[in-house]
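Reviewing the structure listed below.
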There are 2 protein chains.
Amino acid sequence: MNESNQQASLFTAIADVQRRKILAILKEQELSVADIKSHFDFSGATLSHHLSILKKAELVRVRRQGQQRIYTLNLSVAEELLLIMKQLFNRENDEIE
Amino acid sequence: MNESNQQASLFTAIADVQRRKILAILKEQELSVADIKSHFDFSGATLSHHLSILKKAELVRVRRQGQQRIYTLNLSVAEELLLIMKQLFNRENDEIE
DNA sequence: TAGATAATTAGATGATAATCTAAATATATG
DNA sequence: CATATATTTAGATTATCATCTAATTATCTA
């Protein structure tokens, strides 16, 4: 009945508009930090901060490519979040499609 | 392409664990403020604050019943939120089931 | 109509969170 | 190996948010 930390970190991750924008960008293609940065006005440090929160929630994954780090949307966790959202609103004993 | 205030207020509304708990309680049945309060430790003022944020997002509706106010989950906005979430993660040109 | 009950609003406080600049780390390359 | 480039980390600042107590508003009932 209690909410897990994992669940809480997911809601925290999507609570910020800039992070939602990052997710929306990453759903189209994987990108380096610099490429993500080109969509925003704030500093690289701020972007790093947002990415770390998305990573903590496991909504994104990173891999190294030379000096760059390539961020990708983690679709399975995105799916999981959608499921959690459905459960938030659908009655316990309702059909699950 | 820009996110609406309505959309932002939805994500703000579900960002707090107590408000998610309120929604989870209301999905089962409509309740007066006092009845909702019985599930929590915080003050009535704090509950009022949370309810006002849920109202602003239109995730809940209120009606008067004598001295009490009865809160209900607004299912259509809940559905809308689910749709917004799906769009956040699904590529623009993917099938919509 | 006075007092009781239900809920909200006002105003203050402490905790989180978003952002910045500067410094640090890691990798690539001349 | 020294320097440039990409990104993260540290530490500070400011803004937002959750919470509280006290006061207010609205309704009911004796």
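Since this is a predicted model, take the numbers as computed values, not measurements. Note on naming: letters A, B, ... go to the chains in the order of the sequence lines (proteins, then strands), and numbering restarts at 1 for each one.
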- [ ] Look at all strands and tell whether I53(B) reaches a base, only sugar-phosphate, or nothing, counting heavy atoms closer than 4.0 Å.
- [x] sugar-phosphate
Open item on the list: So, does H50(B) get its side chain near the phosphate of dT19(D), meaning an N or O under 4.0 Å from OP1 or OP2?
Closed with: yes
- [ ] Applying side chain to side chain contact (heavy atoms under 4.5 Å, CB included), run through D16(B) and I53(B) and close with a yes or a no.
- [x] CA-CA 10 Å; D16(B) 182 83; I53(B) 288 169; over 6 Å; no
TODO: Rounded to the nearest angstrom, tell me the gap between atom NZ in K37(B) and atom C1' in dT5(C).
DONE: 14 Å
Task: Interatomic distance, Q18(A) CD vs dA17(C) C1' [rounded to whole Å] - done: 13 Å
Open item on the list: With clusters defined by side-chain heavy atoms of hydrophobic residues (ILVMFWY) lying less than 4.5 Å apart, directly or transitively, does L26(A) cluster with F42(A)?
Closed with: yes
Open item on the list: Just N and O in the side chain of R64(A): are any of them under 4.0 Å from OP1 or OP2 of dA26(C)?
Closed with: no
Open item on the list: In whole Å, I'd like the distance from the CZ atom of F42(B) to the P atom of dA7(C).
Closed with: 14 Å
Open item on the list: Please check if the number of heavy atoms outside K27(B) that lie under 6.0 Å from its NZ is greater than 12.
Closed with: yes
Task: A8(B) backbone acceptor or donor facing R20(A) side chain under 3.5 Å - done: no
Task: Protein-nucleotide distance (L54(A), atom CG; dA17(C), atom C1'), rounded to Å - done: 14 Å
Task: Distance in angstrom units between F11(B) CZ and dA17(C) P, rounded - done: 18 Å
Task: Residue whose nearest DNA chain D nucleotide is more 5′ - R19(B) or Q65(B) - done: R19(B)
Open item on the list: So if I define the base as every atom that isn't primed, P, OP1 or OP2, how would nucleotides 5-12 of chain D read as a B/S/- string at a heavy-atom cutoff under 4.0 Å?
Closed with: BSSBB---
- [ ] Indicate yes or no for a side-chain donor-acceptor contact from R69(B) to the backbone of V62(B) under 3.5 Å, with no hydrogens or angles considered.
- [x] no
Open item on the list: Counting only heavy atoms from other residues, nucleotides and ligands, does the tally under 6.0 Å from NZ of K55(B) exceed 12?
Closed with: yes
